[in-house]
Amino acid sequence: MFVCVAAVPVWLEYVQFSIGGMGEEGGTARIRATFDRALTACGLHVTKGGNIWEAYREFESAVLAGLLVCFIFI
């Protein structure tokens with residue numbers, strides 16, 4: 001499988017753009033779908049694929065932290 005190194009930063013920019021729509025209906029699902037597409041395209045790149053995995057982990061951690069904060073204040 002060939003993965004273009006230049007594609008990784010492009011996917012990361014696209015994911016950041018997608019995160020801007022998180023407050024919209026279905027926003028979290030769309031962001032996860034974008035991450036899944038990015039991982040399919042570049043997630044196995046030896047030196048740069050980890051950047052996408054790290055961004056996805058940070059996103060899911062932020063979502064979880066937001067859910068925990070909402071749960072505590074309810």
Side-chain angles (χ1 to χ4, degrees):
M1 177 178 176
F2 174 75
V3 177
C4 178
V5 177
V8 175
V10 172
W11 274 107
L12 286 171
E13 286 294 323
Y14 184 52
V15 166
Q16 289 297 323
F17 173 77
S18 297
I19 288 173
M22 187 169 172
E24 299 173 5
E25 185 176 334
T28 303
R30 276 195 299 269
I31 296 166
R32 286 182 176 134
T34 303
F35 268 116
D36 289 342
R37 289 174 49 208
L39 289 171
T40 299
C42 306
L44 296 179
H45 188 273
V46 175
T47 58
K48 300 287 184 179
N51 295 339
I52 296 174
W53 286 102
E54 179 68 18
Y56 201 176
R57 186 189 62 79
E58 289 177 10
F59 168 74
E60 290 295 345
S61 294
V63 169
L64 179 61
L67 291 175
L68 291 175
V69 168
C70 289
F71 180 74
I72 290 172
F73 287 110
I74 290 181

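Computed from heavy atoms alone, side chains included, the values below leave out hydrogens, waters and symmetry copies. Residue indices begin at 1 and follow the sequence shown.
Note: Trp11 and Tyr14 have perpendicular aromatic rings, judged against thresholds of 30 and 60 degrees for the angle between ring planes.
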Could you walk me through whether Asn51 and His45 pass the side-chain contact (heavy atoms from CB on, under 4.5 Å) check? CA-CA 10 Å; Asn51 295 339; His45 188 273; over 6 Å; no

List the steps and the verdict of side-chain contact (heavy atoms from CB on, under 4.5 Å) for Arg32 and Val63. CA-CA 11 Å; Arg32 286 182 176 134; Val63 169; 3.9 Å; yes

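Under a cut-off of 6.0 angstrom, the local environment of CD in Glu25 is sparse, with at most 12 non-hydrogen atoms contributed by other residues, nucleotides or ligands.
In this structure, Glu54 pairs ionically with Arg57, as a charged nitrogen and a carboxylate oxygen lie closer than 4.0 Å.
Taking 4.5 Å as the limit, some side-chain heavy atom of Asp36 sits within range of a side-chain heavy atom of Tyr56.
Atom CE of Met22 and atom OG1 of Thr28 lie 4.0 Å apart (nearest 0.5 Å). In this structure, CD1 in Ile19 is found 6.0 Å from CZ in Phe59, a value given to the nearest 0.5 Å.
The nearest pair of heavy atoms linking Lys48 to Val8 is O-CG1, 3.5 Å.
Just one residue in the list Val10, Leu12, Ile52 forms a side chain to side chain contact (heavy atoms under 4.5 Å, CB included) with Cys42, and that residue is Ile52.
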